[in-house]
Q: 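Below is a structure I'd like to ask you about.
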Amino acid sequence: MKYTVLSPWASAASQNPLGLSPRLDTLEGKTIGLYAHFKGHAVRILDEVARELEMLYPNIRFSHYQYLKEITEIIDDEEYAPQAAQWASEVDAVISAYGDAGSCSMFLAKNAAFFERQGKPTVNLTCSSFHNSSKRGAASQGVPGLRLVEMTFGDLSGERVIDDALMDRVVRPEVKRVAAQIVDALTLPLTQEEKCPAKSTDYSNYTYTGTISEINDHFYKMGWTTGLPVVPPTREAVDEMLTGTDLTPDTVVGIIPPMNGIATVEKIAINAVMAGCLPTYLPVIIAAVRGMLQPQIQLCGWTCSNANWMPFTFVNGKVARDIHLHSGRAILSPYYKPNTAIPRALSYITMNIGGVRQGMEDMSAMGTVGRGGVCIAENEEASPWEPLQTRYGFSEKDSTVTMFWPADVQTLGGGLGGAFTPEGFLKEMCHIRAFGWWTGGVFILSPEIANMFADAGWTKQRILNYVVEYNRIPADEWNLRWLVQSNHEPRIAGGMDIETPLDGSYSARRFWNDDHMFIVVAGAQWGVAVTGGGDHGGPACVKIDLPENWDSLVEKYSDIVPHYLDY
């Protein structure tokens with residue numbers, strides 16, 4: 001049997017492709033703009049570029065500009081866009097540096113494209129490992145031909161000191177090697193393709209007819225799935241999915257980076273069908289999309305990073321119970337349809353509307369088994385405390401989705417503390433690791449552990465306060481150069497002024513504060529610390545909007561739950 005299926009791929013909101021600006025005839029006597037992203041060492045790299053060019057062109061002049069916001073497009077920044085445009089108007093060309101990590105490379109190229117669109121010939125300096133990130137970032141801004149010059153060294157963020165020894169060993173030889181390429185990028189005449197780039201084919205209205213096997217193979221070859229079988233998104237199946245919302249199919253829920261794909265309700269529904277979702281899951285998925293687009297999340301910091309982040313979705317309220325979202329034993333294991341289908345839908349939405357593919361936009365170095373995502377419910381009935389959504393200003397009656405991107409899962413179960421006592425459990429919580437600069441985490445505590453704490457007078461907030469204060473590291477483990485030069489906030493790290501050198505004989509907080517921390521009650525017997533996150537914002541909690549037909553919809557699908565066989 002053959003099916004005609006709809007495309008999960010979205011239209012992009014990016015501008016029509018623009019040809020590059022005419023190149024200069026020479027750099028002699030010109031003013032060259034040196035644009036650095038938020039990392040302090042980018043300025044040092046550009047200083048070396050300027051030094052090399054001065055040896056070639058004695059009368060060359062330079063003007064510096066650094067944009068201190070991470071994972072932000074200048075064009076969308078009402079405060080800085082006019083300022084950056086004014087700076088560009090005062091230079092003859094721009095050299096942009098340095099693309100040294102996944103999302104950093106992408107957004108450096110996005111902002112280099114901004115200067116091309118100001119009519120300034122621009123060259124973007126990037127690590128060769130992040131060529132694809134740079135190309136995709138520029139293309140998303142309508143400048144697919146942005147000229148790149150590649151160097152071999154990576155991110156210097158981990159270096160405690162950027163001194164002459166490091167510059168001599170790592171940076172200066174590479175800058176010397178590519179100096180002529182930088183000159184060529186700003187002076188060689190444009191090719192016809194660079195003058196008039198072709199517009200990409202729009203596959204958003206594409207349809208395909210085939211058997212289930214043919215559809216699955218074709219979608220995988222198009223890069224629209226991870227290769228696992230999908231439910232064919234026929235017109236009928238998508239229309240059925242759309243009964244899960246009162247929004248019209250063409251309603252735009254948001255624009256998902258890095259492709260800046262237009263997330264209409266219909267495109268969300270198509271990807272939900274592919275993931276095997278029920279229409280009752282659609283309100284949760286729409287709310288999750290809104291959540292991941294909240295400004296405190298900075299989505300590309302997670303999806304396009306070379307770090308190994310994994311998306312977690314927490315659902316609270318009546319909706320979680322109505323759709324049978326699991327909150328009990330084996331909470332992180334993939335046994336239940338809503339717990340597995342919802343994150344799978346979100347991963348397809350990230351791929352097909354956000355445009356995130358392995359090695360092109362997703363540059364995670366090693367990846368993670370949790371990249372496909374986790375979705376769980378809080379066990380509110382068994383919890384002695386207020387539910388999660390109340391931490392973010394919602395009432396206990398509201399149904400919400402809370403989005404968060406951690407990096408590491410660690411079991412909490414009496415190993416260090418011995419007996420299951422508040423003191424023993426807190427000891428374990430104060431020994432957990434956490435990846436990131438301004439890090440965070442969620443503690444998933446079983447009802448047994450939560451009630452143990454509550455019976456001893458502990459609240460969620462008191463536990464968080466304790467962990468913030470007593471989960472500590474030697475103070476000299478903080479990379480102060482990175483924190484100060486990369487404009488990280490807050491300016492107080494680990495309870496200590498990061499402008500002041502830290503002595504290793506003192507301790508500092510691993511978690512600076514609880515801004516990116518929370519507690520969820522779920523699972524059984526033990527607990528789990530899911531740490532990381534925080535650097536790029538989050539968590540984000542969003543209310544779920546239900547359709548008028550919710551009760552009848554829930555009744556229609558109420559029996560789609562496991563009925564295990566005995567043996």
Side-chain angles (χ1 to χ4, degrees), residues 32-56 60-70 94-105 107-108 123-130 134 149-182 305-307 365 435-439 473-494 496-508 510 512 535:
I32 307 301
L34 301 176
Y35 170 76
H37 61 29
F38 70 101
K39 296 178 180 177
H41 54 258
V43 176
R44 295 290 303 274
I45 294 168
L46 287 168
D47 285 342
E48 294 304 318
V49 171
R51 183 179 302 181
E52 285 294 321
L53 295 181
E54 281 177 327
M55 288 190 277
L56 298 172
I60 196 172
R61 298 180 299 273
F62 297 99
S63 175
H64 289 265
Y65 187 87
Q66 185 178 20
Y67 185 51
L68 291 174
K69 294 187 179 181
E70 182 183 6
V94 174
I95 302 172
S96 172
Y98 178 57
D100 54 11
S103 54
C104 302
S105 298
F107 277 79
L108 179 73
V123 57
N124 191 59
L125 308 185
T126 188
C127 174
S128 55
S129 298
F130 300 104
S134 300
V149 168
E150 297 180 7
M151 294 192 281
T152 59
F153 63 89
D155 192 355
L156 302 179
S157 297
E159 301 293 333
R160 297 300 182 95
V161 179
I162 307 293
D163 56 12
D164 275 345
L166 184 140
M167 296 298 287
D168 283 340
R169 186 177 74 253
V170 176
V171 178
R172 287 174 182 140
E174 276 298 286
V175 170
K176 187 178 292 291
R177 182 182 68 82
V178 302
Q181 297 178 41
I182 294 172
S305 176
N306 58 316
F435 173 80
W437 304 106
W438 178 10
T439 194
I473 58 175
D476 61 357
E477 288 189 17
W478 283 114
N479 185 336
L480 295 189
R481 195 239 3 133
W482 161 252
L483 293 170
V484 173
Q485 293 186 7
S486 298
N487 200 43
H488 277 279
E489 297 292 343
R491 305 305 293 174
I492 302 296
M496 304 179 76
D497 185 347
I498 65 175
E499 300 288 357
T500 303
L502 299 183
D503 188 327
S505 63
Y506 294 92
S507 66
R510 188 189 299 274
W512 299 358
D535 300 84

Q: If I compare all heavy atoms of C127 with all of G154, which pair ends up nearest, and what's the gap?
A: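 Reported closest heavy-atom pair: SG-CA, 4.2 Å.
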Q: Taking all atoms of both residues into account, what is the closest heavy-atom pair of F153 and V170, and its distance?
A: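 Heavy atoms only, the tightest pair is CB-CG1, 3.5 Å.
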Q: Can you tell me how far apart CG (D100) and NE2 (H41) are? Round to the nearest 0.5 Å.
A: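 Between atom CG of D100 and atom NE2 of H41 there are 4.0 Å.
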Q: Measure across I182 and I95 and return the closest heavy-atom pair with its distance rounded to 0.1 Å.
A: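 Heavy-atom minimum between the residues: CG2-CD1, 3.8 Å.
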Q: So, does R44 use its side chain to make a donor-acceptor pair with the main chain of I162 at under 3.5 Å?
A: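 Side chain of R44 to backbone of I162: a pair is present.
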Q: Supply the atom-to-atom distance H37 NE2 to Y98 OH, rounded to the nearest 0.5 angstrom.
A: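 The OH atom of Y98 is 9.5 Å from NE2 of H37, to the nearest 0.5 Å.
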Q: Are the side chains of E54 and I60 in touch, meaning some heavy atoms are under 4.5 Å apart?
A: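 In short, these two side chains touch, coming nearer than 4.5 Å.
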Q: With sequence neighbours left out, what residues match A50 under side-chain contact (heavy atoms from CB on, under 4.5 Å)?
A: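 Partners of A50 under the side-chain contact (heavy atoms from CB on, under 4.5 Å) test: L34, F62.
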Q: What closest approach, in Å, do M151 and I45 show between heavy atoms, and which atom pair accounts for it?
A: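 Smallest interatomic distance, heavy atoms only, reads CE-CG2, 4.2 Å.
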Q: Within a strict 4.5 Å, meaning less than it, do heavy atoms of the Q66 and Y35 side chains meet?
A: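 Q66 vs Y35: side chains apart.
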Q: Tell me which one of L125, T126, L108, V123 satisfies side-chain contact (heavy atoms from CB on, under 4.5 Å) with S96.
A: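 It is L108, the one option of L125, T126, L108, V123 that forms the side-chain contact (heavy atoms from CB on, under 4.5 Å) with S96.
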Q: At their closest point, which heavy atom of D155 faces which heavy atom of A101, and how far apart are they?
A: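 Minimum heavy-atom separation between D155 and A101: OD2-CB, 4.3 Å.
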Q: List the residues meeting salt bridge (charged side-chain N to carboxylate O under 4.0 Å, His left out) with R172, not counting sequence neighbours, and say none if there are none.
A: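 Partners of R172 by the salt bridge (charged side-chain N to carboxylate O under 4.0 Å, His left out) criterion, ordered by chain and then number, come out as E48, D164, D168.
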Q: Taking all non-hydrogen atoms of both residues into account, name the closest pair between T152 and E174 and its distance.
A: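 In terms of heavy atoms, the two residues are closest at N-OE1, 2.9 Å.
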Q: Are the side chains of E150 and V178 in contact, using a 4.5 Å heavy-atom criterion?
A: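 Heavy-atom side-chain distance check fails, nothing below 4.5 Å.
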Q: Does F38 reach the side chain of C104, with side-chain heavy atoms less than 4.5 Å apart?
A: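 Contact flag for F38/C104 side chains = yes.
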Q: What is the distance from atom CE of M167 to atom CD of E159, rounded to the nearest 0.5 Å?
A: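 M167 CE to E159 CD: 11.5 Å, rounded to 0.5 Å.
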